[in-house]
Amino acid sequence: MVRRSEKAINTLVIIPAYNEELALPDVLGSLAAREDLDVVVVDDGSSDRTSRVAAEGGATVVTLPFNLGIGGALRCGFRYAVRSGYERAVQFDADGQHDVAALRAILAPLDDGADLVIGSRVTDGAGAYAVGRARGSAMGMLRRVVKLLSGRTIMDTSSGFRAFSRPMLEYFARTYPYEYMESVEALLSAMNAGFEVIEVPVVMHSRTAGEASTVRFRLVYHYLRVMLMLVVKMRRRRPREAT
Amino acid sequence: MVRRSEKAINTLVIIPAYNEELALPDVLGSLAAREDLDVVVVDDGSSDRTSRVAAEGGATVVTLPFNLGIGGALRCGFRYAVRSGYERAVQFDADGQHDVAALRAILAPLDDGADLVIGSRVTDGAGAYAVGRARGSAMGMLRRVVKLLSGRTIMDTSSGFRAFSRPMLEYFARTYPYEYMESVEALLSAMNAGFEVIEVPVVMHSRTAGEASTVRFRLVYHYLRVMLMLVVKMRRRRPREAT
Amino acid sequence: MIALFAAASPVADGGMSTRAHVAITLITLAGLVFVIRMVRRSQLRSKYTVLWLAASMTIVVLVLFPNLLARLSRLLGIYYPPATFLAIAVGVLFLVAVQFSWELSRSEERIRVLAEEVALLRERVEAVSGESDPTTDPDVSSSG
Amino acid sequence: MIALFAAASPVADGGMSTRAHVAITLITLAGLVFVIRMVRRSQLRSKYTVLWLAASMTIVVLVLFPNLLARLSRLLGIYYPPATFLAIAVGVLFLVAVQFSWELSRSEERIRVLAEEVALLRERVEAVSGESDPTTDPDVSSSG
C-alpha cells in the first residue's frame, strides 16, 4: 500500500484549506525549502482556485467534493497519510499562522514515543502571539474542561499545529471528530484512548486574515455543546490495546 | 467491459468477509489449488487486516468504505462479477464453513440450465453437519414460509453456499436484498422472477468461531419481519422475461 | 362492526362518538393501504414497514375495542379517553423522530466517508493518468 | 384580529379560549418565520417547504375561523373541538413521518450503491496504478 515518492520521505504535512488561494502560495513556498517533507493540501470544497494554486505550489492535492469542515478535511488527510504509508504527519494551517521553523520542535518528540504533539501558543516561552481577551477566556474555559475530563493540563487545547505518530494517524483516520471545535474533542479522545500526548511551545504568527467571525452567541452555544458531548461521550471509550 | 485475466476463467468465487483475518488465509489457501477459479474478497468495512490478508492470499480485494452487512457485500461482489464478465459465480464463506471439494457439485447444475444452485446442509446425503435444536426449528419455520409463498420445498433456505448463473448474477447485481436474513428473501425473489432454482446436498464443516450471537428475542423479531415482508412483497414481482 | 360502533356511546366506552369512530377507522385503513403500497413497490425498508404496520394495527385495535381505551385511560388517570389516544400517538411520534435523527446521523457520517473516499480516488486517478496540473512534480505524474 | 379572538367564546365557536387562540397563533407564526428563514438559506428542499407552509397555513386558517373547527368537529362527532385540532396535527405528523421514512429508505439505498461503486473504483485504480499489495497477480498489476 506504500505510494509515496521513492525518496525515503516519511513525514507528511497535511494542510486543510478552504478558500485559501491568497495565503496558500506563501505557505507552500516556505515548505518547499524542506526537502524532507511531502505536502498534501486537502481542498475542503473551496469555491475559489485553492486546488489549482496548491498544485502549482507543488503539493499533492486531495479535493473534497463539498465542504466537510476542518475535521472532515483533516480526517481525509489522515486517511491519505495512512494509505500512503507515512510514518508521521503534521497538521499545518493554510493561512500562514504556523512557522516552518517550528516543525523541528514539534516533530522531535515523536521520536521519543509521543503520539500527539501539540504546538502550543500560550505556554511560557512561546513567542509574540497576542491572544485577544475573548479568545483568552475561551481558551481558559476549554483548559478547565479538559483538565476536568482527563486530569491533565493542556495549555492550548485548540491549537491547530499538531504532529501525529503512525498509530495516532491510524486511530484518527477512523475516528477523527468533525463537529465544530473538533480539535478539543480529538485531544480528549486521544488521551482517553491511551495515546501519549505532549505539548511544546512554538512561535506563531497572528493570522493574516482575521477571523473574528465566531459570533459571541454561537460561540457560547458551541462551548456548551462541546462540553455536553465530552461529558456524555468520554466515559465510554475503551483503553487502546497496546500497539 | 471484460477485465479478468487472459486465461479463460469464467468462474468467480465471491467471499464476503467482515473481520475474518484469522480464517481467511486457510480458505484462500484451499482455493488457490483450483487454477480454474478467480477469487474476489469483498471486505465489508473490516476494522482488522482482512483486506491485506486477502491481497496476500492472492485474491482480488474490493474494500467497502463501511459495513454494509452480508447482503450489501454480496451485491457488490455480484456487481464485480457482472462487470468483469464472469459467466458464473459461487458465494463462499470466509470462515471455513464451506468445502472446496464441494464446488464441483454446486457448479455442475449450472451447465444444465440452473440459475441458482443451493448447497444444502440438511438434505439426505449431506454430511456431518450437525444442526442445533434452535437452529433446526428456525430452519423448519423458514422452510414452511418458503413453501407457502413459492409452492416449492427448499430444505436449506438460508444456506450461504450458492452458485449463480450469469442471468442470476445480473438480476442480483441490481436487486439483491440486504436486510437481515437476506438469503431467504433472495431465494424467494429469484423463484418469483422465474429463475431455475436447484438444491444439491453438500458436506459442510461446522463453523470454527461459533456465532450463537443471535439472541432468541431478536431472532423471533427478525423471523416475523421477514415473513411479513415476504407476504407483502412477493406477489408483485413480474415474471422474468425469457433470457 | 356496526354493532361495535353503535355500542360506543359518547362517554361510557372510550368516550368517542360513532362518527369519530368511523372517521378514525377510515383514516387508519387508508394509511394501512398507503403503507402496504409503498412496501410493495420496494420503496420502504422493512424496519419502517414493521413500524408503520404496528402503529396502524394499534390504532385499529383501540378503535375496534373502545373499552380497552377507556380502561387504559382509567389506569393512567386520564378522564377524557380520546386524550389518551392522542397522547399515545404523540409518544409514538416522538420515538419515531428520535429514530429518524439516529438514521440521519448515520447517513451523514456515511456521506462524509464517501466524500473523503471520492477525493482520495480522484487524487489517485489524476496522478496515474498524468492529468493533474502540468506544474505538478513530474516524478508523481510519470508514475502511472 | 382582536375582535376575532374576543368573539371566540370558550364553547360556542371552536371551543377554544382567547388565550389558547393567542398562544397557538404566536407559535404558528414563529414556525412560519422559521420555515421561511430556512428556505431563504436554501437549506430546505422545495417539497418540504410546501409541506411546512401548507401545515402552517392550515393551522392559521383554523385559528382565524374558529367556526370552521367547530363545524368540522360536529361533522366528525368530536364534542371537544380542540381535540379535533390536535387530532389533525397528529394525523399530519404521521403522514410526514411516513414520508420521511420513505425518503430515508431511498437515501440509504443510494448511499449503499455509492459505497459499492467507490469500492469497485478503488479496486480498479489500485490495480491500474500497480500500488496494491505486491503479492497481487502480476498480470493485473502490470496492466497500468
Side-chain angles (χ1 to χ4, degrees), chain C residues 10-11 15-24 27-28 31 34-35 38 41-49 51-52 55-56 59 80 82-83 85-90 92-93 96-97 99-100 103-104 106-108 110-111 113-115 117-118 120-125 127-129 143-144, chain D residues 15 43 48 55 71-132 141-144:
Chain C
V11 181
M16 268 190 257
S17 68
T18 307
R19 277 191 185 209
H21 254 126
V22 173
I24 289 178
I27 292 169
T28 308
F34 183 61
V35 169
M38 273 187 146
R41 290 195 201 153
S42 303
Q43 288 171 336
L44 211 57
R45 289 201 51 190
S46 64
K47 56 185 166 187
Y48 298 122
T49 309
L51 173 72
W52 295 124
S56 307
I59 297 178
Y80 183 57
F85 187 79
L86 288 173
I88 291 172
V90 166
V92 169
L93 285 174
V96 168
Q99 163 78 359
F100 282 1
E103 302 272 353
L104 281 168
R106 201 182 55 167
S107 287
E108 211 205 326
R110 288 183 162 188
I111 288 169
V113 170
L114 286 176
E117 288 292 328
V118 164
L120 293 173
L121 274 174
R122 189 171 151 195
E123 188 275 326
R124 274 296 83 203
V125 167
V128 167
S129 65
S143 70
Chain D
Q43 287 174 338
Y48 298 123
R71 219 181 288 169
L72 190 65
S73 299
R74 241 171 284 132
L75 192 75
L76 292 173
I78 296 171
Y79 303 116
Y80 183 57
T84 313
F85 187 79
L86 288 174
I88 291 172
V90 165
V92 168
L93 285 175
F94 259 106
L95 288 180
V96 168
V98 171
Q99 162 78 358
F100 282 3
S101 62
W102 178 75
E103 301 273 354
L104 279 169
S105 300
R106 201 179 56 166
S107 289
E108 210 205 323
E109 165 62 14
R110 289 183 166 183
I111 289 169
R112 286 174 160 270
V113 170
L114 286 175
E116 291 170 27
E117 288 294 326
V118 163
L120 293 174
L121 273 173
R122 191 172 154 194
E123 189 275 327
R124 273 298 81 202
V125 167
E126 284 178 356
V128 166
S129 64
E131 277 152 2
S132 50
S141 312
S142 64
S143 68

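Throughout, a chain's letter reflects where its sequence line sits, starting with A, and its residues are numbered from 1. Being a predicted model, the structure only gives us computed values, none of them experimental.
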Query raised in the report: Between atom OH of Y48(C) and atom CZ of F100(C), what is the distance when rounded to the nearest 0.5 Å?
Result: 5.5 Å
Report task. Mind running side-chain contact (heavy atoms from CB on, under 4.5 Å) on F85(D) and V90(D) for me, showing each step along the way? Result -> CA-CA 9 Å; F85(D) 187 79; V90(D) 165; over 6 Å; no
Query raised in the report: Counting heavy-atom pairs under 4.5 Å to chain C, which of L121(D), V96(D), L75(D), T84(D) comes out on top?
Result: L75(D)
Report task. Answer yes when E103(C) and R106(C) have at least one side-chain N-carboxylate O distance shorter than 4.0 Å, and no when they do not. Result -> yes
Query raised in the report: Is the closest basic N to carboxylate O distance between E116(D) and R112(D) below 4.0 Å?
Result: no
**Report entry** Part of V113(C) lying under 4.5 Å from any heavy atom of chain D
**Finding:** neither
Query raised in the report: Do you know which of V92(C), L93(C), V118(C), L51(C) has the most heavy-atom pairs under 4.5 Å to chain D?
Result: L93(C)
